[in-house]
Amino acid sequence: MGEVGGFLRIDRAGFVARDPSERVGDYDQYFDLQPEAELKDQGARCMDCGVPFCHNGCPLGNLIPEWNDLVYRGKWKEALEALHLTNNFPEFTGRICPAPCESSCVLAINADPVAIEQIELSIVERGFEEGWITADPPAHESGRKVAVVGSGPAGLAVAQELRRLGHGVAVYERDEGPGGLLRFGVPDAKLPKTVIDRRIALLQEEGIDFHFGTEIGVDISAAELRDQYDAIVVAIGSRVHRDMETPGRENSGINFAMDYLYQRNRAVAKAAGLESRVAENEISASGKKVVVIGGGDTGMDCISNALREGAEDVVVLDVYGELPESGRDELTPWPLPPKRTASTYALDEGGKRKWGTEVTAFEGEDGRLTKVHCRQVEGTSSRNLTPVPGSEQIIEADLALIAIGFTHPEHGGLVEQLGLALDGRGNLKAPVFSSSVDGVFACGDARIGQSLVVTAIAEGRKCARLVNRHLGGEPTAADRDRLAVDSR
Ligand SMILES: Cc1cc2nc3c(=O)[nH]c(=O)nc-3n(C[C@H](O)[C@H](O)[C@H](O)COP(=O)(O)OP(=O)(O)OC[C@H]3O[C@@H](n4cnc5c(N)ncnc54)[C@H](O)[C@@H]3O)c2cc1C
């Protein structure tokens, strides 16, 4: 439980961000961890609050007070074991999760929450440094085979869980490398690709086969996959871009953020000597006036890349209104996570955010973007915005990046060939992970819509239990707990 009254004595100390003016010149991780003695102090701030809302805030149900206490007591290896009980990849969540656990920390009601995410990352990085994290192949083989389509965090989590239960697992990925949006959306400054590769090497040692550059539904048909495997898990993400039906959208120089981010991540990987595809039509922010439309994670990652490329000016337009100083508004009281934070790693490096601003038109010359027309809007959500009269403005721009999210998974190819039913939002209909087709399961963004890395891992873990049951595998520890509760 940490130190009695530790939270009264010790202030929060989070990640140590590198100087923004220096880090904008490279693609290295933008922060460092606190030294061990300070981390111990941070663990001491966890206050044995009785009802640890952080458990519930975390989609994985991480045992946060337990490992905070173990870190406080210097028991790092035990902390690692407790952390891995609920999270397959804490090195991903410890770096890029928006930490709903911290928003729901009881200390956050009237003070700074425990630095949970930093403690999580320190535990797992210590585990790698000490050589405590090794491959954990299954003790027996079930003789059943599963194909996982998609190697994002959901696909990786379901693959590892099923392999550890003794099933043969093959992961099919259409991109040239694993990780999904972690590799091709999130920049190295937030999550270095070496972190993904380090974990994939362990998964391969555990016996998972990876097939990169293989699109199911194109290179291998869904029917062939059905013939070869006892079950299929569809973890293809939510990749259909949300577009804008705005006058002037046809001008060149207006691109989807993800097309830009894919290219930037590939270029950075190539410069680091990793194998990577080369872009055919390069989208570059170098020397340009850039307008990013959408102020979520994707928009922020565009800003950070554009600044590193040497953009002349970067503005991000966010339809949400400015946050109050507390960082919370009436729609997101404790213990809910705020929709936006007052600043972000990218905005600390440069760029300007215009709150409550909506694009009304794009203007171009000779078919090339030159200006973005916008106006102020008010409202509590993107669905009930009302324009502020007389607030129209024009921003000079020669590159606009649309970062307003994704609508649903792609419906052609694999999904069509398998004949999977869709829900009302166009996601794969799989209320308890089983799809409308026997032996085919779905998890991650493809099932629930665009979400977070932590949710995707939680999806993969839960889905694995259902697939295991379908395959007649041994009950998992979670199944046994559930049976014990049901039989009471
Ligand atoms: C730019 C950006 C930044 C983000 N930043 C954060 C962040 O900081 N923190 C956070 O928590 N979340 C963040 N997210 C959200 C998070 O990355 C996603 O919610 C998460 O990756 C979803 O995982 P997934 O496995 O369901 O899907 P994805 O990561 O989308 O992976 C799906 C995989 O399936 C593959 N695939 C698709 N179709 C086929 C096929 N037919 N055959 C073979 N392979 C196929 C794709 O190539 C892809 O690799 C961000 C998202 C974006 C776009």
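Only heavy atoms go into these numbers, but all of them, side chains included; no hydrogens, no water, no symmetry mates. Each ligand, and each atom within it, is numbered from 1 in the order the structure gives.
- Put simply, the side chain of Gln42 does not reach to within 4.5 Å of the side chain of Val114, judged on heavy atoms.
- Glu117 is linked by a side-chain contact (heavy atoms from CB on, under 4.5 Å) to Phe15, Cys97, Ala99, Glu102, Glu120, counting only residues two or more places apart in sequence or in another chain.
- Two residues are said to be in side-chain contact when any heavy atoms from C-beta on lie closer than 4.5 Å; Arg174 and Thr214 fail this criterion.
- Under the 4.5 Å side-chain criterion, counting only non-hydrogen atoms from C-beta, Thr93 is not in contact with Ile96.
- Listed by chain and number, residues touching ligand 1 at under 4.0 Å (heavy atoms only) are Ile96, Pro98, Val149, Gly150, Ser151, Gly152, Pro153, Ala154, Tyr172, Glu173, Arg174, Asp175, Gly180, Leu181, Gly185, Val186, Lys190, Thr214, Glu215, Ile216, Ala235, Ile236, Gly237, Arg239, Met258, Leu261, Asp297, Thr298, Asp301, Phe406, Gly444, Asp445, Ser451, Leu452, Val453, Ala456.
- Ring orientation note: the planes of Tyr172 and Tyr229 are nearly perpendicular, at an angle over 60° on the 30°/60° scale.
- Between Phe89 and Gln160 there is a side-chain heavy-atom pair separated by less than 4.5 Å.
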